[in-house]
K.L.:
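This structure is in structure tokens; I'll ask about it shortly.
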Amino acid sequence: MEFSIKALSPEAAKAGCVVVGIHSGKQLTPAARRVDQAARGALRKALGDVSGKTGSTLLLRGLPGVAAERVLLVGLGERREFAEAQFRDAVRAAANALKELGAKDAALFLVDAKVGARAPGWNVRHAVLGMREAFYRFDQLKTQKKAPQPALHQVFLPLSSNSKLQDALAEASATADGTALARTLGNLPANICTPAYLAAEAAKLARQFKLGIEVLERRDMEKLGMGALLSVARASHQPAKLIVLRYAGGAKARKPLVLVGKGITFDTGGISLKPAGEMDEMKFDMSGAASVLGTLKALAAMRAPVSVVGVMPACENMPGGAASKPGDVVTTLSGQTVEILNTDAEGRLILCDALAYAARFNPEVVVDIATLTGACVIALGHVASGLFANDQKLADELREAADDACDRVWQMPLWEDYQEQLRSNFADMANIGGRPAGSITAACFLARFTRKLRWAHLDIAGTAWKSGREKGSTGRPVPLLVRFALRHAERK
Ligand code: BES
Ligand code: MN
Ligand code: ZN
């Protein structure tokens with residue numbers, strides 16, 4: 001799907017479909033009014049009992065005096081309440097209607113709406129991301145494709161072009177590509193998307209965009225002393241990989257941003273086996289790693305002026321004769337020892353070694369991304385990712401980027417008071433802290449490995465995928481990470 005920014009008039013635009021907005025109370029937007037005038041009131045007449053409710057749509061065909069074959073009216077809700085959420089709902093509704101329609105091209109006159117204090121570049125970004133999200137499909141594993149690919153090839157964003165808007169467009173297209181990659185990797189089942197598959201995917205990106213790549217094998221990790229990571233991979237027939245992918249777009253003098261993504265390609269829980277119901281969803285437990293690959297792809301594709309190192313520990317968490325057992329004690333790369341009281345708390349075990357390894361890149365900041373705790377889903381549901389940080393400035397930067405990207409986060413505490421829950425009688429710490437504050441004690445565990453770093457942790461257990469009928473990866477938080485990297489590059 002191609003997007004182009006081009007000043008057009010709604011009545012004269014030669015497109016398969018012209019999309020215009022209407023507020024509650026039949027209040028036409030300026031573009032809708034122009035169509036109505038050109039059609040000598042035919043649009044208003046056709047309104048009937050249209051409510052203008054956010055996300056509602058009405059398709060009109062063959063309006064007199066209008067060049068486009070079809071006009072799609074999209075409800076924007078109350079004019080006074082129109083903001084980010086309504087804009088995104090309207091784009092989504094337009095996309096879904098266009099999918100049904102089968103138009104080859106469309107002009108999206110929704111983009112000229114004033115969305116709070118947002119600049120027009122914000123509209124461009126979210127129009128592109130919303131359209132691409134709605135048109136994403138994952139049917140590569142079905143032998144009978146549901147329907148032919150939707151026909152929409154060209155979308156015009158009717159604004160008068162300038163370099164800021166062109167940058168926004170390039171950013172959004174690359175972000176949509178990166179998000180789609182993360183979604184597809186998440187959706188692929190664990191018998192296809194193995195640690196080796198993730199490594200091959202990273203190698204593909206390295207070739208395509210001339211990125212640096214290094215994949216550590218078990219031997220390498222043994223030599224380094226990554227006892228925690230290797231203890232998780234022990235019972236799997238799939239070899240563990242530590243994937244390092246580097247994009248160096250920033251100034252030489254500036255330290256890189258390091259992104260660490262949890263890459264458990266399947267989480268059975270190990271000997272602390274999970275219940276059978278919905279266990280299939282644990283194929284999404286590599287969504288953190290997928291979001292790092294998606295972010296690197298996006299930043300490299302748009303040639304962003306920032307240097308990023310992606311570190312992705314990847315393995316399966318399986319039961320078996322060689323599996324770690326509750327009570328086992330392992331020595332981490334940092335030298336600290338951990339008593340594994342629950343083998344299902346494996347994310348923190350692979351991350352603690354990856355975070356210790358991240359220090360080697362002399363990072364400006366480190367952000368890890370992980371489907372870490374069910375407790376985070378209980379705390380924040382599927383709306384916000386959990387944000388934890390040992391540096392408030394970094395937390396603020398991430399929150400602002402998240403708001404800008406509509407890929408929200410909510411900060412949770414990392415107070416020392418919680419650390420005592422990780423006490424162990426036999427090692428430096430236990431890998432679980434009991435039921436209370438489960439996502440906080442998980443973050444506190446990681447904090448013990450990042451004391452010398454400016455570090456933040458994103459718990460994406462509730463946001464990386466959807467369950468139920470709409471089951472599938474969301475690609476979050478690629479939009480947040482790309483926005484964060486770009487905003488970060490602009491600072492100082
Ligand atoms: N991958 C899971 C977290 C998870 C569970 C994400 C459900 C999304 C939905 C993680 O490895 C895990 O199993 N965490 C345990 C930790 C517990 C044993 C302390 C959990 O959350 O139950
Ligand atoms: Mn687990
Ligand atoms: Zn897990």
Side-chain angles (χ1 to χ4, degrees), residues 186 190 193 195 198 228-229 231-236 238 240 260-291 312-319 323-328 338-354 368-386 388 412 418 421-424 429-446 457-468 471-474 476-477:
C193 186
L198 287 177
L229 194 164
S231 76
V232 175
R234 288 179 61 84
S236 173
Q238 300 295 336
V260 179
K262 172 178 173 181
I264 295 288
T265 57
F266 198 80
D267 181 11
T268 66
I271 295 300
S272 313
L273 193 63
K274 286 183 180 295
E278 276 112 58
M279 205 207 273
D280 65 290
E281 296 190 6
M282 284 300 118
K283 71 174 182 177
F284 296 118
D285 212 18
M286 35 54 73
S287 298
S291 75
M312 292 152 276
C315 67
E316 278 182 347
N317 185 23
M318 295 290 284
S324 291
K325 299 163 289 291
D328 284 3
V338 176
E339 183 186 12
I340 302 174
L341 285 177
N342 189 319
T343 63
D344 198 11
E346 85 297 341
R348 62 199 79 180
L349 293 174
I350 67 169
L351 288 171
C352 73
D353 281 345
D368 78 70
I369 308 98
T371 48
L372 203 62
T373 63
C376 193
V377 190
I378 303 302
L380 298 174
H382 305 288
V383 176
S385 304
F388 302 81
M412 312 251 267
Y418 291 101
Q421 286 179 239
L422 295 172
R423 209 186 66 81
S424 160
M429 71 197 88
N431 77 328
I432 53 169
R435 297 250 301 160
S439 50
I440 301 174
T441 53
C444 283
F445 180 95
L446 300 178
H457 157 60
L458 295 171
D459 193 331
I460 59 167
T463 52
W465 74 87
K466 292 181 186 167
S467 309
K471 193 192 289 181
S473 170
T474 61
R476 288 178 68 182

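Fair warning: this is a prediction, and the values are worked out from it, not measured in the lab. Atoms within a ligand are numbered from 1 in the order they appear, just like the ligands themselves.
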K.L.:
Quick check on the Mn ion (ligand 2): does Asp285 put an N/O/S atom closer than 2.8 Å to it?
P.N.:
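Coordinating: no.
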K.L.:
Is there a side-chain contact between Asp267 and Thr371, using heavy atoms and a 4.5 Å cut-off?
P.N.:
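They are not in contact (no side-chain heavy atoms under 4.5 Å apart), so the answer is no.
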K.L.:
Are Arg348 and Val338 close enough that some pair of their side-chain heavy atoms sits under 4.5 Å apart?
P.N.:
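With C-beta onward as the side chain, the pair stays apart.
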K.L.:
Determine whether the side chains of Ser324 and Thr343 contain a donor N or O and an acceptor N or O closer than 3.5 Å.
P.N.:
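Not at all, the side chains of Ser324 and Thr343 share no donor-acceptor pair under 3.5 Å.
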K.L.:
By atom name, which N, O or S atom of Glu346 is the nearest to the Zn ion (ligand 3)?
P.N.:
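The closest N, O or S atom of Glu346 to the Zn ion (ligand 3) is OE2.
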K.L.:
Are the side chain of Asp353 and the backbone of Ile350 linked by a donor-acceptor contact shorter than 3.5 Å?
P.N.:
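Side chain of Asp353 to backbone of Ile350, a donor-acceptor pair under 3.5 Å: no, none is there.
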K.L.:
Going by the side-chain contact (heavy atoms from CB on, under 4.5 Å) test, name the single residue among Ile340, Asn317, Asn342, Leu341 that passes it with Ser272.
P.N.:
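One option only clears the test, and that one is Asn342.
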K.L.:
State the OG-CZ distance between Ser287 and Arg476, to the nearest 0.5 angstrom.
P.N.:
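CZ of Arg476 is found 12.0 Å from OG of Ser287.
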K.L.:
Is any heavy atom of the protein nearer than 4.0 Å to atom 22 (O) of ligand 1?
P.N.:
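Neighbour list for atom 22 (O) of ligand 1 is empty of protein heavy atoms (cut-off 4.0 Å).
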K.L.:
Measure the distances from the heavy atoms of Lys274 to every atom of ligand 1 and state whether one is below 4.0 angstrom.
P.N.:
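Contact present.
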K.L.:
Below a 4.0 angstrom heavy-atom separation, can you tell me which part of Ile264, side chain or backbone, both or neither, approaches ligand 1?
P.N.:
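Contact part for Ile264 vs ligand 1: neither.
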K.L.:
Is Glu281 close to Ser467 at the side-chain level, that is, under 4.5 Å between some pair of heavy atoms?
P.N.:
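Yes, their side chains come closer than 4.5 Å.
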K.L.:
Starting from atom 2 (C) of ligand 1, which protein heavy atom do you reach first, and at what distance in Å?
P.N.:
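Of the protein heavy atoms, Asp267 OD2, 3.6 Å lies nearest.
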K.L.:
Would you call Leu198 and Met286 a side-chain contact if the rule is heavy atoms closer than 4.5 Å?
P.N.:
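A side-chain contact under 4.5 Å exists here.
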K.L.:
Relative to atom 5 (C) of ligand 1, which among Glu278, Glu346, Met282 owns the nearest non-hydrogen atom?
P.N.:
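Residue with the shortest heavy-atom distance to the ligand atom: Met282.
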K.L.:
Can you tell me the N, O or S atom of Asp267 that's nearest the Zn ion (ligand 3)?
P.N.:
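Of the nitrogen, oxygen and sulfur atoms in Asp267, the Zn ion (ligand 3) lies nearest to OD2.
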K.L.:
Provide, to 0.1 Å, the distance between atom 14 (N) of ligand 1 and the closest protein heavy atom, together with that atom's residue and name.
P.N.:
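For this ligand atom, the closest protein heavy atom is Leu372 O, 3.4 Å.
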K.L.:
Can you tell me which N/O/S atom of Glu346 has the shortest distance to the Mn ion (ligand 2)?
P.N.:
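In Glu346, the N, O or S atom with the shortest distance to the Mn ion (ligand 2) is OE1.
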K.L.:
With heavy atoms only and a cut-off of under 4.0 Å, state how Lys262 meets ligand 1: side chain, backbone, both or neither.
P.N.:
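It is the side chain that touches ligand 1; the backbone stays farther off.
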K.L.:
Can you name the N, O or S atom of Asp267 that is closest to the Mn ion (ligand 2)?
P.N.:
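It is OD2, the N, O or S atom of Asp267 closest to the Mn ion (ligand 2).
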K.L.:
So, does Trp465 sit close enough to ligand 1 that a heavy atom of it is under 4.0 Å from the ligand?
P.N.:
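The answer is yes, since Trp465 has a heavy atom less than 4.0 Å from ligand 1.
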K.L.:
I'd like to check which ligand 1 atoms, numbered from 1 as shown, lie under 4.0 Å from a non-hydrogen atom of Thr371.
P.N.:
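Under 4.0 Å from Thr371, ligand 1 has these atoms: 1 (N), 2 (C), 3 (C).
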K.L.:
Supply the atom-to-atom distance Thr373 OG1 to Phe445 CZ, rounded to the nearest 0.5 angstrom.
P.N.:
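Result: 14.0 Å between the selected atoms.
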K.L.:
Would you mind running through ligand 1 and noting each atom that sits below 4.0 Å from a heavy atom of Arg348?
P.N.:
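Answer for ligand 1: 16 (C), 19 (C).
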K.L.:
Under 4.0 Å from a heavy atom of Asn342: give me the atoms of ligand 1 that qualify, with their elements.
P.N.:
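Listed by number with element: 18 (C).
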K.L.:
Indicate the atoms forming the closest heavy-atom contact of Pro436 with Thr441, along with that distance.
P.N.:
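Between these two residues, the closest heavy atoms are O-CG2, 4.4 Å.
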K.L.:
Is Lys262 paired with Asp285 through a side-chain N to carboxylate O contact shorter than 4.0 Å?
P.N.:
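So Asp285 pairs with Lys262 through a salt bridge.
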K.L.:
Can you confirm whether Leu349 sits close enough to Ser231 that some side-chain heavy atom of one is under 4.5 Å from a side-chain heavy atom of the other?
P.N.:
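Yes - at least one pair of side-chain heavy atoms lies under 4.5 Å apart.
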K.L.:
Non-hydrogen atoms of Arg435 versus ligand 1: any pair closer than 4.0 Å?
P.N.:
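Under 4.0 Å: no for Arg435.
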K.L.:
Once rounded to 10°, what is the value of the angle centred on the Zn ion (ligand 3) between Lys262 NZ and Asp285 OD2?
P.N.:
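It rounds to 90°.
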K.L.:
Considering only heavy atoms from C-beta outward, does the side chain of Cys315 approach that of Ser236 to under 4.5 Å?
P.N.:
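No, every pair of side-chain atoms sits at 4.5 Å or beyond.
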K.L.:
Could you tell me the residue and atom name of the protein heavy atom closest to atom 4 (C) of ligand 1, and the distance to it rounded to 0.1 Å?
P.N.:
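Nearest neighbour among protein heavy atoms for atom 4 (C) of ligand 1, to 0.1 Å: Gly374 N, 3.8 Å.
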K.L.:
Would you say the Zn ion (ligand 3) has Gly347 as a near neighbour, meaning an N/O/S atom of that residue under 2.8 Å away?
P.N.:
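No N, O or S atom of Gly347 is closer than 2.8 Å to the Zn ion (ligand 3), so no.
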K.L.:
Would you mind running through ligand 1 and noting each atom that sits below 4.0 Å from a heavy atom of Ile432?
P.N.:
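Those of ligand 1 that fall under 4.0 Å from Ile432 are 19 (C).
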K.L.:
Using a 3.5 Å distance criterion without hydrogens, assess whether the side chain of Thr474 forms a donor-acceptor pair with backbone atoms of Thr463.
P.N.:
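Confirmed, Thr474 side chain pairs with Thr463 backbone.
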K.L.:
What atoms in ligand 1 come closer than 4.0 Å to a heavy atom of Ala461?
P.N.:
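Every atom of ligand 1 under 4.0 Å from some heavy atom of Ala461: 6 (C), 8 (C).
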K.L.:
Considering only heavy atoms, does Asp344 approach ligand 1 within less than 4.0 Å through its side chain, its backbone, both, or neither?
P.N.:
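Both parts.
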